[in-house]
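Remarks on the structure that follows.
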Amino acid sequence: MKVKISDKKELASGIWQMDVSGDFPYTEVQPGQFVHIQVGDGHDHVLRRPISIAEVNPEQSRLTIVFRIVGEGTEWLAQQSVGNVLDVIGPLGNGFKSVKNARSLIVGGGIGIPPLYELAKRLKVEGNKVDIFLGFRRGDEVFWKERFAKFGNVQLYTEDGALGTKGFVTSGIEARLIENPKLWDYVYACGPRGMLKAVQELIMDLPVGGGVSLEERMACGVGACYGCTCETTAEESKRICVDGPVFDWREVKL
Amino acid sequence: MKPNMCVDFAGLKLKNPVMPASGCFGFGREYANFYDLSKLGAIVVKATTSQPRKGNPTPRVTEVRGGMLNSIGLANPGVDRVIADELPWLQQFDIPVIVNVAGETIEEYCTVVDRICQSGLAHAIELNVSCPNVQQGGLSFGVDPKVLGELLEAVRRVCTLPLIVKLSPNVTDIVEIAKAAEDAGADGLSLINTLIGMKIDINRRRPVLARGSGGLSGPAIKPVAIHMVYQVAKAVKIPILGIGGINTAEDVIEFVMAGAAAVEVGTANFTNPFACPEIIADLEKYMSKRGIKNLEEIRGCAL
């Protein structure tokens, strides 16, 4: 389907926010799902780019995506002007399941943060008390700290220490869990594999629900090519595009 | 005047010459969410082996200019589940089902081909002797005419369906391999599988794909495929399924002029999930406009 770029801005170094509008099944979107976007003029780029949905606003027929420029495809996307039309497929994949009246932890790292935004919004609406830990490599990469603060208590970490606490989000989470292992009923995370693995180790033996969102290079995006699989605790591997990108914490080997 | 889109391929009656290529279409379920698979000429399902296979470590796909590399490694649920879950589901569509079969040994190929033929749920076998992404079997059966002849002789004994052999471009002389397949009783040939390639991440200073190399597909390989179809069409009498970078109806016409009787569309499905039905519709328009009554009229006209 075709959507039109209605707004775009650079949030931080190399990180772009884009709002799109047009004919899209907005009301079907689950937090954590993605859209598969065609890039280029259809000759050089044969693969679409999977970009997570950051926010959906059905009343205003608006979808917000946030992406980092990592190669030619995302560079092309960032260069598109307001008014340009994008060819997208979506929403794709399985998203986060939002819960009611619980105590939840959201953990985001870098460009893994945007797919947690719609989730944070819904958790707040559903009466959850939400703690939000956001980690970035550098201070100049920080974005959306204030936006997340509307939905919960935000703790900021940067590896270079330029903003927030210096270090990794997991050190803060670990300290809180040592104080009270029953602090959170649900834990949701998206970010670098190392961060996700560290969070998984911290909560593995605790009775928490929630989910972890994974990323991988994809081709078809719809489950046909088996390009983006991940290892699971069962014998079978799973496809991140259709079985994920959000998995149960105990389902995947990180 | 409406052209006749029907094609007879190795005994299969196809309503049109366009089918998705193995490995690019799963077992059809995902694309059935986009359109009615009965529109296709046929379906070629994912390579099936005797046991389930997880495939290679990730990353196992990456884009390159004009194409992509994959090193999936024949991930599939194994022949038992293909027969139990996938092939019965495909019977609802009014199209021939072609099962791509891969193996590590002659025995494995024979076992899988036998099971598929006995199931009564398939219309043809496409024998995969050209996968570049596995340690054993795969490509090793497709590079030596003598080894291929031995495999086909064994498979022919158990194969009761039309037998199509999918050839690799990663050989010195594809004509020699094609002739060996024809001599050993193949009913048809499909070509080309992917070309071995590599991409290096210059920041990490390592290959992008976890396995290092992968198979190159997409528009970048079309001229290689056209040339190989052209060479093989001059040398064999059995029909050819042309594969390699097909994106448009004009690409189909080009393969037919090079000698292909029908075609498989692979990577284009990833760019556009509607690629196959759009190509079929455009092909009909193209033929009408040029007054081509059927594809036999132009098959091999460039030879």
Side-chain angles (χ1 to χ4, degrees), chain A residues 1-2 25 28 35-50 69-76 87-93 193 214-232 234-245 252-254, chain B residues 20-21 23-34 45-47 52-78 81 201 203 208-210 214 216-221 245 247-248 266-275:
Chain A
M1 52 199 100
K2 310 280 186 198
E28 291 172 22
V35 283
H36 217 23
I37 306 178
Q38 190 168 349
V39 293
D41 59 6
H43 295 290
D44 281 356
H45 298 292
V46 301
L47 298 184
R48 289 167 180 265
R49 299 301 190 269
I69 297 176
V70 291
E72 289 177 10
T74 38
E75 175 77 51
W76 178 90
D87 184 313
V88 305
I89 307 172
L92 297 176
R193 215 36 100 88
L214 304 185
E215 184 182 50
E216 187 51 83
R217 284 172 186 265
M218 288 181 188
C220 73
V222 297
C225 75
Y226 294 65
C228 63
T229 55
C230 65
E231 289 288 307
T232 66
E235 263 307 290
E236 286 178 319
S237 56
K238 293 218 166 181
R239 296 162 297 179
I240 290 176
C241 64
V242 286
D243 302 317
V252 284
K253 274 189 206 157
L254 298 173
Chain B
C24 300
F25 212 73
F27 292 89
R29 289 182 193 270
E30 294 79 16
Y31 289 97
N33 295 327
F34 291 92
V45 302
K46 191 144 177 49
R53 287 179 63 103
K54 284 192 199 174
N56 293 322
T58 57
R60 54 194 198 184
V61 289
T62 187
E63 189 183 77
V64 294
R65 200 153 300 163
M68 65 174 286
L69 293 166
N70 88 79
S71 65
I72 307 294
L74 302 178
N76 80 95
R81 273 178 54 191
D201 179 336
N203 296 314
V208 173
L209 298 177
L216 175 65
S217 64
I221 73 166
N247 253 315
T248 65
T267 305
N269 293 295
F270 304 157
T271 319
N272 172 14
F274 297 99

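FYI, side chains are in, hydrogens and waters are out, and symmetry mates aren't considered; it's all heavy atoms of this structure. Sequence lines set the chain letters: A, B, ... in the order given, protein chains first and strands last, and positions in each chain run from 1.
Residues A:R48 and B:P273 have side chains in contact (heavy-atom distance under 4.5 Å, counting atoms from C-beta outward). Looking at B:T271 and A:Q38, their side chains come closer than 4.5 Å, going by heavy atoms from C-beta outward.
A 6.0 Å sphere centred on CD of A:E215 holds no more than 12 heavy atoms belonging to other residues, nucleotides or ligands. More than 12 heavy-atom neighbours from other residues, nucleotides or ligands sit within 6.0 angstrom of CZ on A:R193.
B:E63 approaches A:V46 most closely through the heavy-atom pair OE2-N, 3.1 Å. Nearest heavy atoms, B:E30 versus A:G223: OE2-O, 3.4 Å. Heavy atoms only, all atoms of each residue included: B:F25 and A:A224 are closest at C-CB, 3.9 Å. Considering every non-hydrogen atom in both A:R217 and B:T62, the closest pair reads NH1-OG1, 3.1 Å.
Of the listed residues (A:E236, A:H36, A:R49), the greatest number of heavy-atom pairs within a distance under 4.5 Å of chain B belongs to A:R49.
Here the CG atom belonging to B:N272 is positioned 7.5 Å from the CD1 atom belonging to A:I89, to the nearest 0.5 angstrom. For the atom pair CZ (B:R53) and OG (A:S237), the distance works out to 11.5 Å, reported to the nearest 0.5 Å.
Remark: the backbone N or O of A:Y226 is paired with a side-chain donor or acceptor of B:R60 at under 3.5 angstrom.
At a 4.5 Å heavy-atom cutoff, the contact between B:V64 and chain A is made by backbone atoms alone.
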